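Structure first, then comments.
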Amino acid sequence: MSDGGDLVELAKRRGFFLQSAGAYGGVSGFYTFGPSGAALKQNIEDTWRDRFAIQEGNMEVDAPTVMPEPVFEASGHLDGFDDMLVECPECAESHRADHIVEDNTDIEEAESIPVAEVEELIAEYELVCPTCGTGLAGQAIEDFNLMFETNIGPGSADPGYLRPETAQGIFIEFPQLAEYARNQLPFGVTQIGRAYRNEISPRKSLLRVREFTQAELELFVDPEEDEPDLAAVTDVTAPFYPAREQEAADGQPYEATIREVVDDGVVGKPWIAYYLGVAKQWYESIGVDMDRFRFRQHLSGERAHYAADCWDAEAEVDGDWIELGGFAYRSDYDLSKHDSYSDEEFTVFKQYDEPVTVERATVDPDMSYLGPEFGGSAGAVADALEALAERDPDAFDGSEVVVEVDGESHAVPVEKTDFGVEEVTESGEHITPHVVEPSLGIDRALYTALDHSYREDEVDGEERTYLALPQEVAPTTVGVFPLMDRDGMGEYARDLVEELRAAGLAVTYDDSGAIGRRYRRQDEVGTPFCVTVDYATLGEARDDEGEPAAPDTVTVRERDTTAQKRVPVADLPETLRALRDGERTFDDL
RNA sequence: GCGCCGUUGGUCCAGUGGUAGGACAUUAGCUUCCCAAGCUAAUAGCCCGGGUUCAAUUCCCGGACGGCGCACCA
């Protein structure tokens, strides 16, 4: 509800976030969370942890932010995160060189072609600038990788990268994590942590930055057997914007329940639907306005090739729809990649209900024959025989079997292969789990919650700005004020602060200026409740002359309505705790 | 990375070739006491580098940072 500028101004003035290193001119794309922002962020992370890790029975890990190069060779970030930019000598526009090649030749996947060759291709095909038509031959291609590079240890022999996403830290430890899960699927692993992308052009304050916090869940499932229990979210409604609606001329997002989108196949993967339901509830709980929220399905062109289905959570901020998080069914892509690139196996052993007995063809080639016969190729021939036996046992029916090694055919007498068929009992098989990945940006969620909480109203003819943050995530839960710091009210209030803090509440004390001013200060940082110690509090406490003392009371004021109620001091810690945790409402007092 | 515009106390702005003023905020005192009241005082600023000039916050060039547009966003 803010116009962006107002929110950024409030955020800086009230300590939510500010650009880092301002004393040194500032640096683009890096922000420091001030006291209010750090508390808010922590609270948001805590609710995410509770919902996505604790309540789901998932495990949380905390991996390094720096990883060695091979990790990103396997993950594809080293190539895939690489942009080849070529600048037009005439109009100075930068373009993706690989895209220009793909668009104008039959070549596909130009991204994986070395830069020098792409430069040659541009010259060879006489490719031109898409903007102004000037020839690009001879222009140097700038290789720009979005990952921050560093060196591990002295020298440059061991390059490392700041992780561009937290997920790889989970994937690469899969073998051990599976062990922790007793090799039982499904199991989920979460991580909240920083990730880094050396963006070409950071924009829009917190929404596009170079260092940010992600909260990710990698759920490992057996694609053939595991299904989510949708019961908990089946009636959750959310706005859905499927690909077919986006592509239709008059397509619109529409409201539906999780059950509906699963039943009619709009969300193809039940696991994805389940976490869309969970996420919707979570976003709502941290203050995202559901009237400016939707789940948008990726169009086929924008989906990664391995993703069977992918949805984004989006929110409308300053008139633009921004991505808050992605929900991707990544199949076995990540684990298979690490399985083949690393020395370890990224599989789990799945036991059959009943052991099965199968006939398996085996060979045990006579190397004393293969060696002299095939020389250096002997080993490869033996491997080829083994592969062939598995693939096509019938090939061993004759007296000779032919295998190809490096394009050359080699004939081997079957009698030298010790070909045989034996019965083997198998109790299970190694399977590569599929990955369901809800991946959320904490900073964007925080910014959106702030933006959607921003309110302006009038109280007694005076303008007021406040943040209607949910009490569960507000940086401070309670402001405690003496009506004035005099006649013992200040001491009473300060004692009360200690008591409330001991009860686990986030409390701030303020005795500066008029009472109304203090209320407004707390309004601006979204403090949901303010407690004021007044003369009545003391008067009741001091009731003497033999009269039984009435219980001390204070006023509790609600942020959004500015309404006040008197509450006995003795009940105050428990009352405020119940209000914060949503067990009671202010109206119930 | 390109183009346009911008950068003055904590915040929002005004202004000037001779180093600056307001509002709000903050602090102290007086006063008031349940919704940004009043009075007095205090704290606090010209993004950085180079150039022109006797003198630059002001003009010029470059840079950093910000906003918008383009490109980019695995």
Side-chain angles (χ1 to χ4, degrees), chain A residues 4-6 8-15 18-30 34 72 75-88 90-96 98-99 111 129-131 142 144-147 164-165 167-168 195 197-205 207-210 302-307 318 320 322-323 326 328 457-466 479 481-487 489 511-524 530-537 554-559 561-564 566:
Chain A
D6 287 344
V8 170
E9 188 264 316
L10 174 76
K12 185 168 187 185
R13 194 160 44 78
R14 288 299 182 196
L18 62 143
Q19 193 178 25
S20 292
Y24 292 92
V27 55
S28 188
F30 293 92
F72 300 112
S75 72
H77 285 97
L78 212 51
D79 289 333
F81 230 55
D82 225 7
D83 283 347
M84 297 181 217
L85 297 178
V86 59
E87 192 173 318
C88 172
E90 189 63 33
C91 70
E93 286 287 327
S94 279
H95 297 280
R96 289 275 300 263
D98 49 330
H99 288 180
E111 207 174 349
C129 171
T131 307
E142 196 184 340
F144 187 77
N145 193 288
L146 270 343
M147 286 194 293
E165 61 173 17
Q168 298 307 323
R197 295 177 191 183
N198 200 0
E199 294 282 352
I200 297 170
S201 174
R203 284 286 166 85
K204 302 232 178 202
S205 74
L207 298 180
R208 184 125 157 251
V209 291
R210 291 187 165 125
E302 97 191 90
R303 201 164 62 212
H305 62 275
Y306 50 80
D318 301 336
D320 292 326
I322 62 158
E323 180 189 342
D457 69 355
E458 263 191 23
V459 175
D460 297 339
E462 299 281 354
E463 280 183 18
R464 179 174 79 126
T465 299
Y466 67 104
F481 320 137
L483 193 56
M484 287 167 288
D485 187 6
R486 104 164 25 156
D487 300 332
M489 286 183 282
D511 59 18
S512 156
I515 189 76
R517 178 182 297 262
R518 287 177 255 163
Y519 286 141
R520 299 303 166 86
R521 280 192 194 116
Q522 294 308 314
D523 287 340
E524 279 199 339
C530 288
V531 166
T532 302
V533 172
D534 57 17
Y535 279 113
T537 310
V554 290
T555 62
V556 176
R557 175 228 191 222
E558 186 188 41
R559 176 194 62 207
T561 60
T562 76
Q564 288 183 305
R566 290 205 80 89

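This is a predicted model, so every value here is computed, not measured. FYI, side chains are in, hydrogens and waters are out, and symmetry mates aren't considered; it's all heavy atoms of this structure.
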Nucleotide nearest [X] when distance is taken to its side chain, options [options]:
X	options	value
Val27(A)	C65(B), A37(B), A71(B)	C65(B)
Ser201(A)	C72(B), G1(B), C34(B)	G1(B)
Gln19(A)	C33(B), C35(B), C65(B)	C65(B)
Ala514(A)	A37(B), C34(B), A71(B)	A37(B)

If we call it a pair only when both distances are under 3.5 Å in a Watson-Crick or G-U wobble match, what pairs with [N]?
N	answer
G6(B)	C65(B)
U27(B)	A41(B)
U57(B)	none

Atom [atom1] of [X] to atom [atom2] of [N]: distance rounded to whole Å?
X	N	atom1	atom2	answer
Arg557(A)	C35(B)	CZ	P	10 Å
Arg486(A)	U32(B)	CZ	P	7 Å
Glu463(A)	A36(B)	CD	C1'	11 Å
Arg210(A)	A64(B)	CZ	C1'	12 Å
Asp511(A)	U27(B)	CG	P	9 Å

Rounded [atom1] spacing from [N] to [M] in Å:
N	M	atom1	answer
G51(B)	A44(B)	P	31 Å
G50(B)	G10(B)	C1'	31 Å
A25(B)	C12(B)	C1'	10 Å
U31(B)	C68(B)	C1'	49 Å

I want to check one thing: is the phosphate of [N], taken as OP1 and OP2, less than 4.0 Å away from some side-chain N or O of [X]?
X	N	result
Arg521(A)	U26(B)	yes
Arg517(A)	A37(B)	yes
Lys204(A)	C68(B)	yes
Ser512(A)	U26(B)	no

Between Tyr24(A) and Arg203(A), which residue's closest nucleotide on RNA chain B lies nearer the 5′ terminus? Tyr24(A)

Determine, for Tyr466(A) and Arg559(A), whether the Lys NZ or Arg CZ falls below 6.0 Å from the six-membered ring centre while staying within 45 degrees of the axis.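 Geometry flag: not set, cation outside 6.0 Å or 45°.
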
Contact class for Asp523(A) (heavy atom, under 4.0 Å): base, sugar-phosphate, or nothing? nothing

